[in-house]
Number of protein chains: 2
Amino acid sequence: MAVRRQPTLRDVAAAAGVAVSTASRALTRPGRVNADTADRVVAAAKELGYIPSASARALLSGRTATVALVLPDVTNPFFFGLVRGTGARLRESGYVQVLADTEESAEVELDTLRKLRGQVDGAVLAASRLSDEQIAAAAADLALVVVNRTIPGTPGVLLDTAGGMVQALEHLASLGHRRVAYASGPVTSWSDRRRREALEPAAARLGVELVVLGPYAPVRQAGAAAADAALDAGATAVVAFNDLLAFGVLERLDAREVPVPERLSVIGCDDIFGADLVRPALTTVESPVEEAGRMAADLLLARLEGNRPADDDPDAAPAADPDEASDLDRAPDLDDEPVTRGRDAADPVLLPTHLVVRSSTGPVG
Amino acid sequence: MAVRRQPTLRDVAAAAGVAVSTASRALTRPGRVNADTADRVVAAAKELGYIPSASARALLSGRTATVALVLPDVTNPFFFGLVRGTGARLRESGYVQVLADTEESAEVELDTLRKLRGQVDGAVLAASRLSDEQIAAAAADLALVVVNRTIPGTPGVLLDTAGGMVQALEHLASLGHRRVAYASGPVTSWSDRRRREALEPAAARLGVELVVLGPYAPVRQAGAAAADAALDAGATAVVAFNDLLAFGVLERLDAREVPVPERLSVIGCDDIFGADLVRPALTTVESPVEEAGRMAADLLLARLEGNRPADDDPDAAPAADPDEASDLDRAPDLDDEPVTRGRDAADPVLLPTHLVVRSSTGPVG
DNA sequence: TTGAAAGCGCTAACAT
DNA sequence: ATGTTAGCGCTTTCAA
């Protein structure tokens with residue numbers, strides 16, 4: 001615990017009998033220094049247990065090798081995949097991941113971004129509660145990649161859950177459902193709006209009556225109200241904004257002894273941990289969240305590595321394997337997904353989702 | 001994205017027509033400077049959108065206002081509570097949380113700790129894969145708090161799952177079970193060892209035959225083997241190392257159409273997300289993981305704040321509410337849990353766990 | 001009360 | 001190939 005004083009480069013240089021600058025070079029560009037001088041320095045460094053000071057390096061270079069993941073709520077299982085996905089990629093590239101929880105508050109989010117500036121090289125901003133303008137402004141000060149938002153000029157990754165929801169509706173239509181409820185999410189949710197916009201024409205096309213219920217908080221506890229409302233609306237199936245809400249619906253239906261799927265089919269969204277554990281197992285829209293995280297990290301790293309000297313700290317995590325390199329190359333390649341060609345240049349990456357059918361959906365009874 | 005140059009303290013000073021040192025004082029110790037000078041500086045700072053450079057400050061002070069949470073596997077839901085608990089406390093105190101995943105590897109863990117040194121003020125080390133000696137050595141270089149480990153001289157928080165498991169056994173005994181299987185976890189798990197050591201005398205005392213199965217990986221997929229083994233061993237109940245394993249057991253029993261709890265009662269450990277969602281709902285040992293996280297953070301912060309000037313950065317997050325202060329006070333108070341009085345002085349905080357009975361346990365059939 | 005100046009650990013010119 | 005020096009942004013003596 002006592003935390004003894006760290007040896008500095010100066011100590012290493014002294015021990016090796018060279019100037020600090022030589023020691024620095026020996027450690028960072030072994031090529032540009034006499035081989036045995038370099039050896040001496042490296043030996044001295046190892047001997048002393050020298051670790052370069054990240055702060056000093058950051059101060060000088062302006063780079064921190066740190067990236068933040070900014071989330072409205074670390075609690076929400078939906079974001080776990082994002083934590084994992086971004087974390088994996090960042091670690092691979094020798095970056096440190098910092099986690100920031102904005103507690104569902106735009107104000108906290110703004111403040112967080114403000115403080116992050118200078119502390120991190122960039123941030124992945126997921127499910128932001130900010131306005132497009134606020135995000136665009138923040139992006140001027142900090143390299144940003146957004147997840148599940150479209151901000152002109154800011155790279156982003158989109159999970160096309162709207163598409164998955166349409167698949168859900170088609171699935172229900174094919175089972176004979178003609179009156180389907182959508183238990184909508186928070187009014188502030190950009191995804192929710194997109195889904196409703198996609199569901200309505202799809203319903204018309206499929207000859208299904210769509211009843212929009214809610215809005216509901218995207219949490220289990222809200223599911224009871226949604227279940228009751230769906231039954232009251234005479235729907236034979238309900239599609240929930242997310243799995244948490246769907247879990248709550250299932251619980252309520254169980255409590256009311258309404259048979260699922262015989263009397264009411266239930267569909268969720270996200271395929272979070274537990275969706276296949278509940279009984280009946282939940283039919284849901286699976287989103288490649290972890291991949292979205294990886295892609296977001298890739299996009300960010302591409303930006304960051306773009307304006308940067310070539311070589312690496314010898315101390316940095318091993319670079320990605322050569323055979324993974326091709327994978328990384330995919331990141332900046334935004335053109336092979338010509339979808340939602342929006343108002344602006346760099347279109348976000350759109351990741352398709354797909355319906356996973358389990359036992360909570362069945363033919364209309 | 002363009003990331004324009006940040007204004008520095010020098011810019012602020014120039015704008016306010018004072019020296020940098022005055023600007024610095026005005027911003028950090030408003031008391032020690034003329035009131036309207038201070039106002040001018042603050043105004044200039046706000047005007048320019050000045051944000052102090054964390055790196056520069058860290059370089060000078062040696063403090064980064066950053067704390068790492070080091071985990072073997074961010075994927076494991078058990079750790080989510082830890083992420084939340086530590087994160088909440090750290091944020092409250094104006095610290096940034098960084099997340100480090102060691103991928104279940106002692107080597108990666110060691111390397112991570114090495115790199116963290118200097119980047120962070122301290123770390124919470126959970127479920128470490130390192131030897132006691134390695135941890136103690138690391139603690140010499142970095143303020144450390146361990147979770148679920150006892151390292152002499154290093155503060156720690158222990159979740160007494162062994163105690164919870166004994167409760168589980170008592171519960172089963174009271175239901176008439178006389179032959180109970182324990183599906184054990186990884187051999188490297190310190191907790192697992194503790195549990196077996198606690199279960200054996202308890203079984204003897206209760207007149208229950210204990211069959212230790214495994215070791216199993218603490219994941220769902222391993223549950224099938226555990227379920228089969230438990231049935232084969234003629235047990236009427238099985239206690240699993242953790243909930244993930246228990247989920248797998250339930251799935252397998254469902255697939256084999258073995259009625260739960262009629263033919264086999266099942267108990268998990270941790271009460272992770274989903275334990276009350278599965279059917280039958282899982283009886284399990286609830287651990288106050290989130291509280292453990294908070295306590296670990298508290299212990300660490302107590303250390304860190306201990307050797308530090310009094311006052312706060314005006315930019316720092318609001319200090320904890322006064323009414324929460326009493327809560328914080330509890331942290332350093334290691335004396336009211338006189339348990340496992342180990343080989344050394346500062347005993348770790350021991351958090352009790354308790355059994356939550358749900359429908360996966362019932363009277364022996 | 002305020003300013004000048006030193007220096008945290010490191011890297012990158014520049015000089016040798 | 002190596003050493004010398006300046007300076008990143010900030011805080012903190014020390015003087016004024």
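Since the model is a prediction, treat every value here as computed from it, not as a measurement. Per chain, numbering begins at 1; letters A, B, ... match sequence-line order.
Put simply, CZ on A:Arg25 is 10 Å from C1' on D:dT4, counting in whole angstrom units. Taking atom CG of residue A:Asp11 and atom C1' of nucleotide C:dC8, one finds them 13 Å apart after rounding to whole Å. When the C1' atom of C:dA12 is taken as reference, atom CG of A:Leu9 falls 13 Å away, rounded to whole Å.
Under 4.0 Å is where a charged nitrogen must lie from a carboxylate oxygen, and between B:Arg149 and B:Asp132 at least one such pair does.
Distances from the side chain of B:Thr8 to the nucleotides C:dC8, D:dC10, C:dA5 place D:dC10 closest. Candidate nucleotides D:dA1, D:dC8, D:dT12 were compared by shortest atom distance to the side chain of A:Leu59, and D:dC8 ranks first. Each of C:dT11, C:dC8, C:dG3 was ranked by its minimum atom distance to the side chain of A:Ser24; first place goes to C:dT11. Of all nucleotides listed (C:dT2, C:dT11, C:dA12), C:dT11 comes nearest to the side chain of A:Leu60. Candidate nucleotides D:dT12, D:dT11, C:dT11 were compared by shortest atom distance to the side chain of A:Thr28, and C:dT11 ranks first. Relative to the side chain of B:Arg10, the nucleotides D:dC8, C:dT11, D:dC14 differ in distance, and D:dC8 lies closest.
When the side-chain nitrogen and oxygen atoms of B:Arg29 are compared with OP1 and OP2 of D:dT12, one or more of them lie within a distance under 4.0 Å. Residue A:Thr37 has a polar side-chain atom (N or O) positioned under 4.0 Å from OP1 or OP2 of D:dT2.
Put simply, the side chain of A:Leu99 reaches to within 4.5 Å of the side chain of A:Val83, judged on heavy atoms. You'll find the side chain of B:Thr86 reaches within 4.5 Å of the side chain of B:Gln97, heavy atoms only.
With hydrogens and angles left out, the side chain of B:Ser21 and the base of C:dT2 share no donor-acceptor pair within 3.5 Å.
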Without placing hydrogens or testing angles, list every side-chain donor-acceptor pair under 3.5 Å for residues 32-42 of chain A, not counting sequence neighbours.
from	atom 1	to	atom 2	distance (Å)
A:Asn34	OD1	A:Asp36	N	3.2
A:Arg40	NE	A:Ala16	O	3.1
A:Arg40	NH2	A:Ala16	O	3.1

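Between its opening and closing five pairs, the helix from C:dT1-D:dA16 to C:dT16-D:dA1 changes axis direction by 40°, a value rounded to 10 degrees.
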